[in-house]
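To start, the structure itself, in structure tokens.
Below, chain A is the first sequence line, B the second, and so on; all start at residue 1. Source: prediction; values computed, not measured.
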Amino acid sequence: AQKVTQAQTEISVVEKEDVTLDCVYETRDTTYYLFWYKQPPSGELVFLIRRNSFDEQNEISGRYSWNFQKSTSSFNFTITASQVVDSAVYFCALRDPGSARQLTFGSGTQLTVLP
Amino acid sequence: DTGVSQNPRHKITKRGQNVTFRCDPISEHNRLYWYRQTLGQGPEFLTYFQNEAQLEKSRLLSDRFSAERPKGSFSTLEIQRTEQGDSAMYLCASSLARPPGELFFGEGSRLTVL
């Protein structure tokens with residue numbers, strides 16, 4: 001069975017600080033996908049990124065970057081120069097072939113960026 | 001607005017009553033999902049449709065829950081004889097077959113059972 005752990009329940013930072021959200025996953029499969037979703041106060045989850053288990057290259061998109069390390073089963077998310085609009089709940093999720101059409105989400109990290 | 005639409009946004013009901021939620025997915029998406037989210041937790045998978053066929057159901061989906069997608073477009077999720085433990089946000093999402101896992105979520109339907 002697959003499992004996603006986000007140990008940080010809440011994080012608070014001051015605007016312009018960098019912040020890293022941790023994600024650790026468990027799966028028996030060698031082929032899987034990892035995701036990050038953002039849930040702003042409006043409630044609608046928004047897709048941020050997908051990473052294939054075969055692709056360990058880190059990715060950067062603007063102020064967002066992701067660090068995938070298969071050796072430690074981690075897929076961490078860093079926001080550089082955080083902004084108030086980044087305040088949201090962030091979820092890490094896993095999809096493996098055994099659950100071909102569903103995602104297993106972590107419990108989420110509430111990020112608050114203070115002005 | 002061509003996003004995923006859910007109705008009603010909030011439903012308050014008494015224990016034992018039946019409730020029905022509706023989801024209108026993005027029109028070209030053939031895959032539709034229902035998830036449930038309780039406070040402080042991530043979404044939990046309930047069921048999945050490909051077109052009108054219900055292909056997967058979670059063990060969370062007890063006999064009191066039924067979902068349909070009659071013409072492969074909108075979907076309904078009905079909960080019969082509601083219990084207080086059913087109080088949650090019910091999320092609908094839709095997607096194409098590719099790219100995998102890129103789900104488009106609605107804003108959810110919040111159920112409160114008194």
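More than 12 non-hydrogen atoms from other residues, nucleotides or ligands lie less than 6.0 angstrom from CG of L114(B). Under a cut-off of 6.0 angstrom, the local environment of CD in Q57(A) is sparse, with at most 12 non-hydrogen atoms contributed by other residues, nucleotides or ligands.
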What do the steps show when you test F47(A) against F105(B) for side chain to side chain contact (heavy atoms under 4.5 Å, CB included), and what is the final call? CA-CA 9 Å; F47(A) 168 84; F105(B) 282 85; over 6 Å; no

Start with the C-alpha gap between Y35(B) and Q102(A), add the side-chain angles, then the distance that decides, and say whether side chain to side chain contact (heavy atoms under 4.5 Å, CB included) holds. CA-CA 9 Å; Y35(B) 281 79; Q102(A) 59 173 284; 4.1 Å; yes

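Of the listed residues P43(B), A97(B), G42(B), the one with more heavy-atom pairs under 4.5 angstrom with chain A than any other is P43(B).
Criterion: ILVMFWY side-chain heavy atoms under 4.5 Å apart, direct or through other members. Under it, L61(B) and F105(A) are not part of a common hydrophobic cluster. L77(B) and F45(B) are members of different hydrophobic clusters when ILVMFWY side chains are connected at heavy-atom separations under 4.5 Å. By the rule that hydrophobic residues join a cluster once side-chain heavy atoms approach within less than 4.5 Å of another member, L46(B) and L45(A) end up as members of separate clusters. Placement of W36(A) and V13(A) within a single hydrophobic cluster is found when ILVMFWY residues are connected by side-chain heavy-atom separations under 4.5 Å, directly or transitively. By the criterion of side-chain heavy atoms lying less than 4.5 angstrom apart, applied directly or through intervening Ile, Leu, Val, Met, Phe, Trp or Tyr residues, W34(B) is not grouped with F104(B); the two fall into different hydrophobic clusters.
Minimum heavy-atom separation, R9(B) to S42(A): NH2-O, 4.1 Å.
Taking CG of L48(A) as the reference point, atom CD of E102(B) lies at 10.5 Å (rounded to 0.5 Å). Atom CD of E44(B) and atom OG1 of T104(A) lie 10.0 Å apart (nearest 0.5 Å). Annotation: the span from L103(B) atom CG to F35(A) atom CZ amounts to 8.0 Å, rounded to 0.5 Å.
If you measure heavy-atom distances from Q6(A) to chain B, you find no contacts under 4.5 Å at all. Neither the backbone nor the side chain of Q6(B) has a heavy atom closer than 4.5 Å to any heavy atom of chain A.
Residues F91(A) and Q37(B) meet the side-chain proximity criterion, which asks for heavy atoms closer than 4.5 Å.
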